[in-house]
Amino acid sequence: MVNISVIAFDEKDYPIIQKKVTVEKVKLFLGETIQGEIIRYEVTTLGAINFVMHKALRGGVTRSLRLDKHGKTLSSILLEMPINTND
Amino acid sequence: MIPEKIIRIGSGAGYSGDRIEPAVDLIKEGNLDYIIFECLAERTIALAQLQKMQDPELGYDPLLEERMKACLTHCVSKKVRLISNMGAANPLAAAKKTATIAQELGLTNLKIAAVFGDDVMSMLDFSTQTFLESSEPLSVLGNKIISANAYMGVEGILIALEAGADIILTGRVADPSLFLAPLIHEFAWSMDDYPLLGKGTVLGHLMECAGQVCGGYFADGVKKQVPNLGNLGYPIAEINNDGLFHITKLKDSGGMVTPATCKEQLLYEVHDPSAYLTPDVVADFSNIILKEIEKDKVEVYGASGKELTGKLKVSVGYHDGYMADAQISYGGSYALERAQLAIEIVKERLRAKNLEVEDILFDLIGTNSLFKEYVSDINPQEVRLRIAAKTKTKEAAVKLVNEVETLYTNGPAAGGGISKLVTEVIAIQSILMDKKKVVPQVEYYET
């Protein structure tokens with residue numbers, strides 16, 4: 001299980017992140033890497049969304065074969081997800 | 001008018017191997033009341049338990065001696081009390097060793113507490129208790145179980161603080177509880193004032209990774225710049241009786257404390273931000289406001305809390321076979337194609353050998369080792385092939401890494417820089433246990 005927080009760099013951008021960064025979109029973008037359920041929590045006062053992702057580490061940090069057993073690098077990957085800000 | 005009481009707490013370590021110099025600077029120059037060293041990751045205690053089985057005087061943090069030698073004299077001269085979970089699997093031996101070091105340093109009249117009671121191995125019920133992760137009963141692991149340690153709350157540390165201990169070394173205690181305990185002690189907060197305990201827990205959570213909240217997990221090298229990371233300082237929290245607090249750092253240290261660095265740390269390793277479960281309280285992060293009140297000083301308010309669950313999480317450590325990891329590099333034109341060819345060759349040879357593996361992973365480092373789906377169209381100048389496998393026996397793991405090594409003269413052209421590693425896997429799963437069953441114990445050593 002990992003958690004990844006998507007935080008607005010500039011707070012004025014939070015509403016669009018709140019609207020566009022959905023569980024469905026994240027699940028599609030991260031694909032096979034996340035084997036389990038994704039839960040989304042909004043923290044409006046911080047301009048942030050916290051995603052909790054189950055079965056993301058191939059067995060958890062203590063027994064994972066992954067080079068990055070903690071899943072720390074997944075946050076940088078998620079930042080690459082494009083969102084359409086025009087509609 | 002009586003001046004408002006303010007307590008200043010420093011964070012001296014965010015994990016077992018963390019840097020020691022910033023902690024020494026904090027003790028010397030931070031005008032601190034307390035310094036906290038959080039050094040115990042989920043798996044560390046199982047490894048420490050194995051050490052203790054081999055030598056009853058070991059099983060505490062491997063850097064305990066170095067940290068104590070660097071810090072103790074300054075703690076005494078600046079009147080800073082030290083709290084840490086560096087006791088790991090053996091707080092008694094850690095406290096005894098610390099007393100010896102204090103004596104060698106000529107430090108007298110020190111009271112050193114060992115807080116334990118987290119070892120619940122003898123209380124496990126193999127037939128009825130099930131793991132949270134796998135939902136299987138403990139009995140499936142049989143005699144592979146090494147350790148079982150409950151995450152205790154503030155209670156044991158409070159006993160030691162009230163007894164006047166200068167140095168407190170614990171076993172498994174929830175990370176934020178290390179910070180919350182001195183606040184309850186200093187301000188005489190009630191153990192059922194959950195909003196206050198929630199605020200103190202948020203303070204602990206912001207501080208527990210030491211350098212991270214000061215920008216040590218923040219810089220992207222371009223848009224998010226952090227000044228002077230090479231001399232990154234560790235954080236200081238200053239808090240009043242109402243639980244209003246600031247996060248700051250030493251003026252001449254590197255890094256920065258801003259609402260942005262605090263936000264990232266606040267949501268680091270968190271599930272539901274409105275229900276952060278600890279042994280002391282269910283903390284609520286969902287209405288927190290962060291305000292920069294001066295350079296490198298952030299005010300935190302709006303945290304709250306609810307009644308605790310009455311259950312403690314218990315980490316159960318167990319033997320889980322072996323891990324094989326072998327790597328080889330290819331460079332120049334067709335580097336990627338040669339690495340892919342090597343994968344096919346190794347797969348064929350492993351099939352022919354009938355080698356038993358539980359799981360196997362083929363990574364092309366530089367292309368897909370961190371993330372399989374995200375495909376870049378850049379043709380890499382160099383690729384490192386990594387083959388990682390999980391095996392039941394050490395023999396199988398050794399055979400596997402040796403099979404990869406033979407690629408030197410039995411594989412694609414110009415593969416080089418092979419490395420091989422076989423490690424024993426000590427894994428962790430969790431169970432829940434009634435808090436009432438876990439009774440903290442405290443013993444003292446004096447110099």
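Convention: sequence-line order gives letters A, B, ...; per-chain numbering from 1.
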If you count every heavy atom of other residues, nucleotides or ligands that lies below 6.0 Å from A:His70 atom NE2, does the total exceed 12?
no
With respect to chain A, which residue among B:Ile288, B:Ile426, B:Asp272 yields the maximal number of heavy-atom pairs within a distance under 4.5 Å?
B:Asp272
Is B:Ala324 close to chain A through its backbone or its side chain, or both, or neither, when contacts mean heavy atoms under 4.5 Å?
neither
Applying a strict 4.5 Å limit to non-hydrogen atoms, the region of A:Lys55 in contact with chain B is neither
So which of A:Leu65, A:Ile39, A:Thr45 has the biggest tally of heavy-atom pairs under 4.5 Å with chain B?
A:Leu65
Where on A:Ile7 is there a heavy atom nearer than 4.5 Å to chain B: the side chain, the backbone, both, or neither?
side chain
For the residue pair B:Tyr268 and B:Tyr217, is the inter-centroid distance of their aromatic rings smaller than 6.0 Å?
yes
Highest number of heavy-atom pairs under 4.5 Å with chain A: which of B:Ile428, B:Val425, B:Asp359?
B:Asp359
Of the listed residues (A:Thr44, A:Asn3, A:Asp68), which shares the most heavy-atom pairs with chain B below a 4.5 Å separation?
A:Asn3
Residues, nucleotides or ligands: over 12 heavy atoms within 6.0 Å of B:Glu356 CD
no
When A:Met53 is tested against each of A:Thr33, A:Ile4, A:Leu74 for side-chain contact (heavy atoms from CB on, under 4.5 Å), which residue passes?
A:Ile4
Can you tell which of A:His54, A:Arg66, A:Arg63, A:Glu42 has the highest number of heavy-atom pairs within less than 4.5 Å of chain B?
A:Arg63
May I ask you to say whether B:Glu358 pairs ionically with B:Lys392, meaning some side-chain N is under 4.0 Å from a carboxylate O?
yes
Contact class of A:Val2 relative to chain B, heavy atoms under 4.5 angstrom
neither
Under 4.5 Å from a heavy atom of chain A, the part of B:Leu266 involved
side chain
Honestly, the part of B:Asp320 sitting under 4.5 Å from a heavy atom of chain A is side chain
Partner set under ring pair (Phe, Tyr, Trp, His ring centres under 6.0 Å) for B:Tyr276, not counting sequence neighbours:
B:His205, B:Phe285
Check each atom of B:Ile365 against the heavy atoms of chain A and say whether the ones under 4.5 Å are side chain, backbone, both or neither.
side chain
Can you name the side chain to side chain contact (heavy atoms under 4.5 Å, CB included) partners of A:Lys12, sequence neighbours left out?
A:Asp10
Side chain / backbone / both / neither for A:Phe51 at chain B, heavy atoms under 4.5 Å
neither
Considering only heavy atoms, which portion of B:Gln429 lies under 4.5 Å from any heavy atom of chain A: side chain, backbone, both, or neither?
neither
Consider only side-chain N and O atoms of B:Glu42 and A:Thr62, and report whether a donor and an acceptor are under 3.5 Å apart.
no
Check whether B:Tyr318 gets within reach of chain A through its side chain, its backbone, both or neither, counting any heavy atom under 4.5 Å.
side chain
What part of B:Ala427 is in contact with chain A, defined as an atom under 4.5 angstrom from a non-hydrogen atom: side chain, backbone, both or neither?
both
Comparing B:Ile360, B:Asp220, B:Val270, B:Ile289 against chain A, the one with the most heavy-atom pairs below 4.5 Å turns out to be B:Val270
Is there a side-chain contact (heavy atoms from CB on, under 4.5 Å) between A:Met1 and B:His271? Walk through the geometry before answering.
CA-CA 10 Å; A:Met1 191 187 316; B:His271 291 177; 3.0 Å; yes
Taking atom NZ as the centre, does B:Lys399 end up with more than 12 heavy-atom neighbours from other residues, nucleotides or ligands that are less than 6.0 angstrom away?
no
For B:Leu290, is it the side chain, the backbone, both, or neither that has a heavy atom closer than 4.5 Å to a heavy atom of chain A?
side chain
Strictly below 4.0 Å, N to O, side chains only: are A:Arg40 and A:Glu24 in salt-bridge contact?
no
